[in-house]
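What follows is a single structure, written as structure tokens, with notes after it.
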Amino acid sequence: MTYHPKSDFIHTMMERGFLADCTDYQGLDEALLKGAQPGYIGFDATAKSLHVGSLIQIMMLRWLQKTGGKPITLMGGGTTKVGDPSFRADERPLMGPEQIDANIAGIKKVFSAYLTYGDGPSDALMINNAEWLDDLNYLDFLRDIGRHFSINRMLSFESVKSRLDREQSLSFLEFNYMILQAYDFMELHRRYGCILQMGGSDQWGNIVNGIDLTRRVIDGEVYGLTSPLLTTSDGKKMGKSQSGAVWLNPDMLSPYEFWQFWRNTTDADVGRFLKLYTEMPVDECDRLGALEGSEINEAKVRLANEVTTLLHGAEAATAAEATAREVFEKGGVGDDLPTLTIAPADLPLSIVQAIVRSGLAGSGKEAKRLIAENGARIDDQPLTDAGLMLDAGALSSPIKLSAGKKRHALVTLG
């Protein structure tokens, strides 16, 4: 649709590629012009750190604050006990309160890098939905809230339908999750004047439920806005690297490894990622994203520096770039690393063959043993999957393979 927003926030969301859909563009746009309006995103505490897949949501909250809104980070201390079934093939393992509290403590550290918390009009709030969910009376909840939900309608939501279409079990516990999320929105509106819930496009049904409930029970006017579910240009889910999740907490993934993840962005994604994950002007993001050849690699370095600076600080970004240049350009000790150049016709290539052909192992058996004994690394991260296949996307920029601490080789596409 063509909509010309008046508010800085909606304009930024559209211009930088954050916006998938909105329940009422004009209504939200006009509401945002009335001062520091609160908007929230919920984060369930399923791990001790969020990963790169959550960064698009964190950046939305950051832009909300930068454009005069009031971000709320809602920690799912209550809902984590149930588990969000959205687009999952199985039920989430249930966690106890101690594990949930420990995970929330870990997640909190990341938000302070992006948001300013405090008591000012546009200062962020961190709220835990256990505040109202833990003390709910089940019968009262069924009578007062449950009656507003149509099972027929809930069954039509894509997140539920996809599970049922695959004939996979969906427990009553998980089915309740969308009611609890709707209740969260209503409570945040009632307690904190929150007018906006944001999330990935897989949350659309849950967000709409919350809007309907808030209107029916307390006659509140609230809005929903979703971001695209992000995949890389080669179709991979955002937030995963070859060695696992790209965590945001430095104790779970070093700033250097985080920097390296962004440096390895495929050429086609550079401009889009600059707009989503940095605060550089849009025309500069487009200019850098259009570069080719060796110049696009410098744009990737810029992307890595900007994203790492936001999360870990400028010093960590500078140190990561210096380390990368030393390792990749000087071989870590001033010598060039041996380089294996793969012809496109040889792809996909198994990681075992790459280790053998780069001279880091004498045979496939030796390469597999190296991996099994945790002696192999890929881009300085542990390599644990002997079945890994390298394709053109994986080799869009050089990969560093290591055997032990002192033997390294680069694998590049010729």
Side-chain angles (χ1 to χ4, degrees), residues 47-55 106 110 232 234 236-266 269 273 277 297 300-301 303-305 307-308 311-312 316-317 319-333 337-340 342 348-361 367-413:
K48 286 185 180 173
S49 170
L50 298 172
H51 61 67
V52 161
S54 297
L55 201 49
V110 167
T232 55
D234 51 4
K236 293 185 178 130
K237 193 174 178 183
M238 188 63 184
K240 300 282 184 183
S241 72
Q242 283 146 339
S243 55
V246 182
W247 300 108
L248 301 182
N249 284 25
D251 56 336
M252 291 179 70
L253 187 78
S254 73
Y256 171 71
E257 290 168 309
F258 181 78
W259 187 95
Q260 198 67 55
F261 169 78
W262 295 99
R263 168 61 183 81
N264 289 338
T265 297
T266 53
D269 289 324
F273 286 3
Y277 299 110
N297 289 329
K300 292 177 187 180
V301 169
L303 170 67
N305 283 340
V307 181
T308 305
L311 177 60
H312 296 300
E321 182 184 357
T323 301
R325 290 197 187 278
E326 187 174 301
V327 168
F328 281 90
E329 293 171 17
K330 302 175 189 171
V333 288
L337 288 180
T339 300
L340 168 66
I342 305 292
L349 181 74
S350 75
I351 195 69
V352 168
Q353 278 302 303
I355 291 171
V356 172
R357 287 175 58 178
S358 62
L360 296 176
K368 286 177 184 173
R369 189 169 67 245
L370 186 71
I371 294 168
E373 294 173 356
N374 300 318
R377 295 177 81 79
I378 181 165
D379 287 342
D380 294 326
Q381 300 176 46
L383 172 59
T384 54
D385 181 8
L388 180 68
M389 300 298 289
L390 300 176
D391 57 15
L395 290 169
S396 60
S397 54
I399 285 174
K400 178 188 171 196
L401 295 178
S402 305
K405 291 183 179 177
K406 295 184 178 177
R407 295 169 57 228
H408 311 285
L410 288 185
V411 182
T412 187
L413 197 57

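No hydrogens, no waters, no symmetry mates; every other heavy atom, side chains included, goes into these values.
Here the straight-line distance linking atom CZ of Phe261 with atom CD of Gln381 works out to 9.5 Å at 0.5 Å rounding. Note: Thr323 OG1 to Tyr256 OH = 6.5 Å, rounded to the nearest 0.5 Å. Considering CG of Asp269 and OH of Tyr277, their distance stands at 9.5 Å, rounded to 0.5 Å. Remark: Ser402 OG to Ile378 CD1 distance equals 9.5 Å, nearest 0.5 Å.
At distances below 3.5 Å, not a single donor-acceptor pair connects side-chain atoms of Ser54 with backbone N or O atoms of Leu50. For the pair Asp379 (side chain) and Ile399 (backbone), a donor-acceptor distance under 3.5 Å is absent. Judged by distance alone, with hydrogens and angles left aside, the side-chain atoms of Asn264 form a donor-acceptor pair with the main-chain N or O of Gln260 at under 3.5 Å.
Between Trp259 and Asn305, the side chains place a donor N or O and an acceptor N or O closer than 3.5 Å (distance only, hydrogens not considered). Of the N and O atoms on the side chains of Ser254 and Glu257, at least one donor lies less than 3.5 Å from an acceptor on the other residue.
Here the side chains of Thr232 and Thr265 are not in contact, with every heavy-atom distance at 4.5 Å or above. Using a 4.5 Å heavy-atom threshold, the side chains of His51 and Leu253 count as separate. The closest side-chain heavy-atom distance from Leu248 to Phe258 is below 4.5 Å. Between Val110 and Leu311 there is a side-chain heavy-atom pair separated by less than 4.5 Å. Side-chain contact check for Val301 versus Arg325: some heavy-atom pair is nearer than 4.5 Å.
The two atoms that bring Trp262 and Leu55 nearest to each other are CZ2-CD2, 3.9 Å, heavy atoms only. A pairwise comparison of heavy atoms in Ser358 and Leu340 identifies N-CD2, 4.0 Å as the closest pair. Among all heavy-atom pairs drawn from Asn249 and Lys48, the shortest one is ND2-O, 3.4 Å. Heavy atoms only, all atoms of each residue included: Ala304 and Thr308 are closest at O-OG1, 2.7 Å. Of all the heavy atoms in Leu390 and Ala354, the pair that sits closest is CD1-CB, 4.0 Å. Nearest approach of Ile355 to Ala367, heavy atoms of both residues: CG2-CB, 3.8 Å.
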Could you walk me through whether Leu349 and Asp391 pass side chain to side chain contact (heavy atoms under 4.5 Å, CB included), step by step? CA-CA 7 Å; Leu349 181 74; Asp391 57 15; over 6 Å; no
If you apply the rule side chain to side chain contact (heavy atoms under 4.5 Å, CB included), what do you find for Leu383 with Leu370, and how did you get there? CA-CA 9 Å; Leu383 172 59; Leu370 186 71; over 6 Å; no
Working note: Ile371 + Asp385, criterion side chain to side chain contact (heavy atoms under 4.5 Å, CB included); need CA distance, chi angles, decisive distance, verdict. CA-CA 7 Å; Ile371 294 168; Asp385 181 8; over 6 Å; no
Test side chain to side chain contact (heavy atoms under 4.5 Å, CB included) on Leu395 and Thr412 and set out the steps. CA-CA 6 Å; Leu395 290 169; Thr412 187; over 6 Å; no
